[in-house]
Amino acid sequence: MKSNNRDDGWLTRRLYFNREDKRIMIKRPQSGLGYTMNLGNKWTWIFNIIFVIIIIILVSVL
């Protein structure tokens, strides 16, 4: 059953994990400040892996 309530994915009020939600960036409703990434979205993980690889390359070159 698909849930329309997107608040179901919040863990510890800081992490968001909801595979049914297609958004990558989520605004934090509790604090009103800042955004977090949807850890249930595969594109979030792809983005994070690419980001880490770029940082490793930059650190090793410098």
Side-chain angles (χ1 to χ4, degrees):
M1 184 169 130
K2 194 171 189 176
S3 173
N4 288 331
N5 186 3
R6 292 185 176 169
D7 291 338
D8 292 342
W10 287 100
L11 307 169
T12 68
R13 297 185 183 227
R14 297 202 180 266
L15 300 175
Y16 186 75
F17 185 94
N18 188 347
R19 288 190 175 133
E20 295 177 0
D21 191 349
K22 300 301 178 194
R23 298 178 295 171
I24 295 174
M25 296 298 293
I26 312 296
K27 187 170 182 173
R28 292 186 191 169
Q30 292 88 2
S31 66
L33 298 172
Y35 288 83
T36 189
M37 296 181 104
N38 180 4
L39 298 175
N41 189 323
K42 69 177 179 179
W43 292 107
T44 298
W45 291 101
I46 292 170
F47 171 78
N48 285 333
I49 290 169
I50 291 171
F51 182 74
V52 168
I53 290 170
I54 290 171
I55 295 298
I56 291 171
I57 291 171
L58 288 176
V59 167
S60 66
V61 168
L62 299 175

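Counting only heavy atoms from C-beta outward, the side chains of Trp10 and Arg28 approach each other to under 4.5 Å. Taking 4.5 Å as the limit, every side-chain heavy atom of Asn18 sits out of range of all side-chain heavy atoms of Ile26.
Qualifying side chain to side chain contact (heavy atoms under 4.5 Å, CB included) partners for Ile57, counting only residues two or more places apart in sequence or in other chains: Ile53, Val61. Taking the side chain to side chain contact (heavy atoms under 4.5 Å, CB included) definition, one finds that Leu39 meets it with Leu15, Phe17, Thr44, Trp45, sequence neighbours left out. Taking Ile56 as the reference, Val52 meet the side chain to side chain contact (heavy atoms under 4.5 Å, CB included) condition, with sequence neighbours excluded.
In this structure, Asp21 contributes its side chain and Asn38 its backbone to no donor-acceptor pair below 3.5 Å.
Residues Phe51, Val59 make up the rest of the hydrophobic cluster containing Ile55, defined by ILVMFWY side-chain heavy atoms closer than 4.5 Å, directly or through other members. Phe47 forms part of a hydrophobic cluster together with Ile24, Met25, Tyr35, Met37, Trp43, Ile46, Ile50, Ile54, Leu58, judged by ILVMFWY side-chain heavy-atom separations under 4.5 Å.
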